[in-house]
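Below: the structure, in structure tokens.
Treat the numbers as computed from the prediction; the structure is a model and nothing was measured. Side chains included, hydrogens not; waters and symmetry mates left out as well; all remaining heavy atoms used. Letters A, B, ... mirror the listed sequences (proteins, then strands); counts begin at 1.
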Number of protein chains: 2
Amino acid sequence: MTDTKQRIFDAAERLIAAQGYSATSLRQIIAEAGVNLASVHYHFGSKEELLDELIHRKADLVNRKRLELLERAKAAAGPAPVPLVAILEAFLLPVAEVATADPQFVQVMGRVIGEGLMPQIVGKYFRAVGERFFPEIRRSVPELTDEEFGWRRHFLIGAMCHTLYGHSEAQGDFETRIGYLIRFLAAGFEAPAVKPAEVNA
Amino acid sequence: MTDTKQRIFDAAERLIAAQGYSATSLRQIIAEAGVNLASVHYHFGSKEELLDELIHRKADLVNRKRLELLERAKAAAGPAPVPLVAILEAFLLPVAEVATADPQFVQVMGRVIGEGLMPQIVGKYFRAVGERFFPEIRRSVPELTDEEFGWRRHFLIGAMCHTLYGHSEAQGDFETRIGYLIRFLAAGFEAPAVKPAEVNA
DNA sequence: GTCTATACTGAGATAGAC
DNA sequence: GTCTATCTCAGTATAGAC
């Protein structure tokens with residue numbers, strides 16, 4: 001990657017993490033990076049594609065770790081359903097790990113999710129991983145209807161985003177926070193169904 | 001309220017509900033309302049203050065109902081702690097009620113929360129109600145440390161926002177959805193503490 | 001291939017005439 | 001109260017230097 005592109009990248013990450021995406025103008029970014037305005041469009045095409053690349057790298061890092069942990073948990077479980085807590089750990093611990101190593105990651109993600117720029121970007125970079133994880137969770141709560149399971153999945157995503165990516169005041173240790181979250185979510189998923197699924201004959 | 005102001009108000013609500021706040025320009029709003037650009041600034045001061053007024057009314061409606069239900073639940077409980085489910089119902093059912101009667105409410109709120117415009121607005125219109133509710137919830141889970149309780153509160157808010165206000169595809173009946181959410185949250189709050197609080201002598 | 005200079009359109013905001 | 005005209009700054013596009 002050329003020096004100019006890298007400097008745009010770094011400046012954009014720093015500024016978006018600190019101020020948010022909409023609040024950060026390309027002119028701010030190029031001032032901080034010490035490059036020309038048009039070079040952003042030369043290297044990235046548009047402001048949105050710059051953001052896309054930013055998310056892309058971060059997301060890939062987390063997603064690889066997630067799938068790795070999931071495979072390990074599946075191997076350990078054998079034919080039995082993977083324990084719910086193990087699935088949740090595989091999904092959430094990688095986020096804590098990356099967040100601890102690179103705090104800007106959480107901030108950028110938080111900004112972008114928060115600003116509602118995600119319908120497409122989330123789809124592009126996170127849907128595939130979700131489709132690997134949720135069927136596993138589904139196996140461990142077979143007594144739920146599909147409808148109720150779908151909503152519990154929403155609750156998980158909501159709690160996770162708000163907690164990890166939320167522009168929260170108190171930060172604290174990510175590992176601890178994730179530990180609390182996993183306990184909370186596991187209990188929520190294992191709660192008796194409001195409308196239990198019909199048991200098949 | 002003057003006719004012009006009301007028309008701006010209505011057009012803004014419709015457009016923001018449908019497209020989001022950032023994606024809706026004042027010029028779109030005035031075109032739909034059939035008024036002059038400067039009249040927006042005359043009546044509201046700025047685009048952001050227009051949004052603020054929009055949220056203000058919606059929020060007040062929900063918050064009044066919330067506090068009413070909470071008082072009723074407290075009266076029914078007497079000196080005993082209010083049952084957790086009753087507190088959650090008092091907090092969440094009013095949202096479903098308003099959402100059913102006026103679907104644009106949920107959409108506008110969803111947009112605004114999603115777009116991260118809320119640090120101030122949430123504080124202005126929702127913090128006070130939160131400070132009435134969370135001490136009640138706290139009483140029903142005394143075995144948690146303050147730290148862990150604080151995070152569970154975050155999980156609740158995250159799940160709620162993502163579920164109610166989330167730009168979700170599947171909508172479905174709000175009452176049902178809230179029922180699922182309450183079950184999930186109650187179980188999460190009542191899960192054993194990761195780090196139990198020291199028991200006082 | 002890479003970067004600079006500059007121009008274009010549309011955003012929110014504002015001053016002042018009426 | 002309302003409207004016109006105008007300001008600043010945003011993202012974007014492109015012509016042309018190197």
Side-chain angles (χ1 to χ4, degrees), chain A residues 1-57 108 111-121 124, chain B residues 1-57 108 111-121 124:
Chain A
M1 178 154 43
T2 150
D3 184 58
T4 299
K5 186 170 182 180
Q6 184 65 50
R7 285 168 63 180
I8 295 170
F9 215 86
D10 292 345
E13 181 170 18
R14 219 169 332 153
L15 288 168
I16 293 174
Q19 309 175 343
Y21 173 78
S22 326
T24 302
S25 70
L26 289 181
R27 285 166 169 88
Q28 261 187 299
I29 293 172
I30 60 146
E32 176 126 345
V35 301
N36 184 275
L37 177 59
S39 62
V40 176
H41 292 92
Y42 174 76
H43 286 288
F44 297 96
S46 70
K47 189 187 179 190
E48 200 175 330
E49 286 169 284
L50 166 58
L51 177 69
D52 192 289
E53 259 200 58
L54 223 59
I55 302 294
H56 184 35
R57 312 194 164 197
V108 170
R111 296 296 188 172
V112 172
I113 291 183
E115 289 174 67
L117 309 157
M118 287 257 104
Q120 321 93 329
I121 300 183
K124 259 170 89 175
Chain B
M1 178 153 45
T2 148
D3 184 55
T4 300
K5 186 170 182 181
Q6 184 65 52
R7 287 168 62 180
I8 296 170
F9 214 86
D10 291 347
E13 180 170 17
R14 219 167 333 150
L15 287 168
I16 293 174
Q19 309 175 343
Y21 173 78
S22 326
T24 301
S25 70
L26 289 182
R27 285 167 170 85
Q28 260 187 300
I29 294 172
I30 60 148
E32 177 125 345
V35 301
N36 185 275
L37 176 58
S39 63
V40 176
H41 293 92
Y42 174 76
H43 285 289
F44 296 96
S46 70
K47 190 188 178 190
E48 201 175 328
E49 287 169 285
L50 166 57
L51 177 68
D52 191 290
E53 258 200 58
L54 223 58
I55 302 295
H56 184 35
R57 311 195 163 195
V108 170
R111 296 296 188 174
V112 172
I113 291 183
E115 288 174 67
L117 309 157
M118 286 258 103
Q120 320 94 328
I121 300 182
K124 260 170 89 174

Would you say a side-chain N or O of [X] is under 4.0 Å from OP1 or OP2 of [N]?
X: B:His41; N: C:dT14; answer: no
X: A:His43; N: C:dC3; answer: yes
X: A:Thr4; N: C:dC3; answer: yes
X: A:Tyr42; N: C:dC3; answer: no

Gap between atom [atom2] of [Y] and atom [atom1] of [X] - 0.5 Å precision:
X: B:Ile30; Y: B:Ser39; atom1: CD1; atom2: OG; result: 7.0 Å
X: B:Phe9; Y: B:Arg14; atom1: CZ; atom2: CZ; result: 12.5 Å
X: B:Ile8; Y: B:His41; atom1: CD1; atom2: NE2; result: 10.0 Å
X: B:Thr4; Y: B:Tyr42; atom1: OG1; atom2: OH; result: 10.0 Å

Among D:dT12, C:dT14, D:dT2, the nucleotide that comes nearest once only the side chain of B:Thr2 is considered: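 From the listed options, D:dT2 comes nearest.
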
Enclosure of A:Glu48 CD (heavy-atom neighbours >12, cutoff 6.0 Å):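 Open: at most 12 neighbouring heavy atoms sit under 6.0 Å from CD of A:Glu48.
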
Residue met sooner reading DNA chain D from 5', once B:Lys5 and B:Leu37 are mapped to nucleotides: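 Going by which nucleotide is closer to the 5' end, it is B:Lys5.
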
Within residues 19-31 of chain A: residues closer than 4.0 Å to DNA chain C (heavy atoms):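 Residues of residues 19-31 of chain A under 4.0 Å from DNA chain C: none.
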
Heavy-atom pair with the smallest gap, counting every atom of A:Thr24 and A:Leu15: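 Looking at all heavy atoms of both residues, the closest pair is OG1-O, 3.4 Å.
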
[X] [atom1] - [N] [atom2] separation (whole Å):
X: B:Glu48; N: C:dA13; atom1: CD; atom2: P; result: 8 Å
X: A:Glu49; N: D:dT12; atom1: CD; atom2: C1'; result: 12 Å
X: A:Asn36; N: D:dT12; atom1: CG; atom2: P; result: 15 Å
X: B:Ile8; N: C:dG12; atom1: CD1; atom2: P; result: 13 Å
X: A:Phe44; N: D:dT12; atom1: CZ; atom2: P; result: 13 Å

Partner of B:Ile29 under side chain to side chain contact (heavy atoms under 4.5 Å, CB included), chosen from B:Leu50, B:Asp10, B:Leu37: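 Only one of B:Leu50, B:Asp10, B:Leu37 forms a side chain to side chain contact (heavy atoms under 4.5 Å, CB included) with B:Ile29, namely B:Leu50.
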
